[in-house]
Amino acid sequence: MSKIIFYEDRNFQGRSYECMSDCADMSSYMNRCHSCRVERGCFMVYDRTNYMGNQYFMRRGEYADYMSMMGMSDCIRSCRMIPMYRGSYRMRIYERESFQGQMHEMMEDCDNIMSRYSMSNFMSCNVMDGHWLMYEQPNYRGRMWYMRPGEYRSFMNMGGSNMRFMSMRRIMDSCY
């Protein structure tokens, strides 16, 4: 069972809120959140309600002042638990929206899509198996986006109008 504890102030001070599942809006539990402790599992945290805005991947550990550590401009407003997964990983990436254009099937991490597939960007994907993190820059850097199994016909419709994914990594069971 996954578990994350949020604290209103830095260094695990102030009111706290324990969470073991998804939470779309933390404002009913606390006014702000500036530190957290992941006791079990992995979570994505978001700086806006309803799983919107910038996303940050949190694995087991203590984040006493994650805002300066991760360059967050605002506090955590929602979180999503990443379920444990121990199967195979498979995703198809497409050059254009609605699964059009050049297609590549991924089963492993890719640190640079441009150099591996000669693609400057991709605009849609189908995650068949596993949970993935997409990054806007090569070598798993920059803003990230959590992708769980499903069809993603257009990244622009997901609020990522200016996102370009240049690398991707599987979320492995090392979180647990």
Side-chain angles (χ1 to χ4, degrees), residues 1-6 18-26 33 36 38-61 63 66 70 72 76-101 103-111 113 116-117 119 121-176:
M1 188 67 119
S2 297
K3 181 179 178 182
I4 187 169
I5 305 168
F6 298 101
E18 288 188 16
C19 187
M20 297 165 81
S21 62
D22 296 353
C23 181
D25 186 358
M26 293 176 48
C33 175
C36 66
V38 179
E39 292 191 354
R40 291 183 302 275
C42 294
F43 288 83
M44 287 305 288
V45 297
Y46 303 81
D47 63 5
R48 292 181 32 209
T49 59
N50 298 312
Y51 319 112
M52 300 296 290
N54 293 312
Q55 305 180 20
Y56 302 91
F57 178 69
M58 304 283 209
R59 66 179 58 226
R60 191 171 161 195
Y63 302 88
Y66 63 80
M70 297 181 182
M72 260 183 116
I76 295 172
R77 301 286 185 202
S78 58
C79 76
R80 177 164 276 160
M81 183 199 69
I82 300 173
M84 183 165 38
Y85 178 77
R86 291 209 167 122
S88 61
Y89 289 78
R90 196 165 60 119
M91 170 177 32
R92 290 187 179 142
I93 59 172
Y94 297 85
E95 182 180 30
R96 296 195 305 264
E97 294 179 346
S98 298
F99 316 120
Q100 300 296 310
M103 183 274 293
H104 295 284
E105 188 162 297
M106 314 286 300
M107 294 168 65
E108 296 185 0
D109 299 350
C110 178
D111 64 350
I113 292 190
R116 186 177 293 178
Y117 298 112
M119 287 177 81
N121 194 15
F122 61 99
M123 300 300 292
S124 58
C125 73
N126 182 2
V127 177
M128 281 99 62
D129 299 305
H131 298 260
W132 299 74
L133 287 178
M134 309 282 219
Y135 297 84
E136 72 174 337
Q137 297 173 17
N139 301 310
Y140 318 114
R141 298 189 187 279
R143 291 183 298 168
M144 61 182 74
W145 206 278
Y146 168 53
M147 307 296 246
R148 53 189 179 177
E151 293 184 346
Y152 300 89
R153 294 186 169 280
S154 171
F155 296 145
M156 288 190 194
N157 294 341
M158 296 170 30
S161 59
N162 58 352
M163 282 292 277
R164 292 183 60 189
F165 298 116
M166 300 304 293
S167 56
M168 63 194 66
R169 173 178 281 163
R170 298 164 293 165
I171 301 175
M172 307 293 280
D173 65 354
S174 60
C175 296
Y176 300 91

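All values below were derived from every heavy atom in this structure, side-chain atoms included, with hydrogens, water molecules and symmetry-related copies excluded. Counting from 1, the numbers follow the sequence of the chain as shown.
Nearest heavy atoms, Ala24 versus Ser78: O-CB, 3.3 Å. Taking all atoms of both residues into account, the shortest heavy-atom contact from Arg153 to Ser124 is O-CB, 3.3 Å. When all heavy atoms are compared, the tightest approach of Cys79 to Phe43 is SG-CD2, 4.4 Å. When all heavy atoms of Phe6 and Cys36 are compared, the closest pair comes out as CD2-CB, 3.8 Å. Across all their heavy atoms, Lys3 and Glu18 have their closest contact at CE-OE1, 3.1 Å. The two residues Met81 and Met20 come nearest to each other via the heavy atoms SD-O, 3.8 Å.
Between Tyr140 atom OH and Met134 atom CE the span is 12.0 Å, to the nearest 0.5 Å. Interatomic distance, CG of Asp109 versus CZ of Arg169, reported as 6.0 Å (0.5 Å rounding). With values rounded to the nearest 0.5 angstrom, Asp111 atom CG is found 11.0 Å from Met166 atom CE. In this structure, SG in Cys23 is found 11.0 Å from CZ in Arg80, a value given to the nearest 0.5 Å. With rounding to the nearest 0.5 Å, the separation of CE in Met128 from CE in Met106 is 11.5 Å. Separating the OG atom in Ser167 from the CZ atom in Arg116 is a distance of 10.5 Å, to the nearest 0.5 Å.
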Next item on the list: Evaluate the side chain to side chain contact (heavy atoms under 4.5 Å, CB included) criterion for residues Met172 and Tyr89: first the C-alpha distance (whole Å), next the side-chain angles of each, then the deciding distance (0.1 Å), finally the verdict.
Entry: CA-CA 9 Å; Met172 307 293 280; Tyr89 289 78; 3.9 Å; yes
Checklist line | Chi angles and distances behind the side chain to side chain contact (heavy atoms under 4.5 Å, CB included) call for Met26, Cys19 | finding: CA-CA 10 Å; Met26 293 176 48; Cys19 187; over 6 Å; no
Item checked: CA sep, side-chain torsions, deciding dist, call: Tyr85, Ile171, side chain to side chain contact (heavy atoms under 4.5 Å, CB included) -> CA-CA 8 Å; Tyr85 178 77; Ile171 301 175; over 6 Å; no
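No donor-acceptor pair closer than 3.5 Å links the side chain of Arg92 to the backbone N or O of Asn126. The backbone N or O of Arg77 lies less than 3.5 Å from no partner atom in the side chain of Thr49, so there is not a single donor-acceptor pair. Between the side chain of Asn54 and the main chain of Asp47, no donor-acceptor pair closer than 3.5 Å is present. Under the 3.5 Å distance criterion, the side-chain polar atoms of Glu97 are left unmatched by any main-chain donor or acceptor of Ser154.
Considering Arg164, Arg143, Arg141 as possible partners of Glu136, the one that fulfils the salt bridge (charged side-chain N to carboxylate O under 4.0 Å, His left out) test is Arg143. A ring pair (Phe, Tyr, Trp, His ring centres under 6.0 Å) with Phe155 holds for exactly one of Tyr94, Trp145, Phe122; it is Phe122. Screening Tyr56, Phe57, Tyr51, Tyr46 for a side-chain contact (heavy atoms from CB on, under 4.5 Å) with Tyr146, the sole residue that qualifies is Tyr46.
With contacts defined as side-chain heavy-atom distances shorter than 4.5 Å, the pair Met91/Met147 does not qualify. Side-chain atoms of Pro149 and His131, non-hydrogen and from C-beta on, do get closer than 4.5 Å to each other. Taking the side chain as every heavy atom from C-beta outward, Tyr117 and Cys110 approach each other to under 4.5 Å. Taking the side chain as every heavy atom from C-beta outward, His104 and Ile113 never approach each other to under 4.5 Å. Met144 has its side chain within reach of Met44: a pair of non-hydrogen atoms, C-beta onward, lies under 4.5 Å apart.
Shown here are the side chain to side chain contact (heavy atoms under 4.5 Å, CB included) partners of Met107, two or more places apart in sequence or in another chain: Arg90, Glu105.
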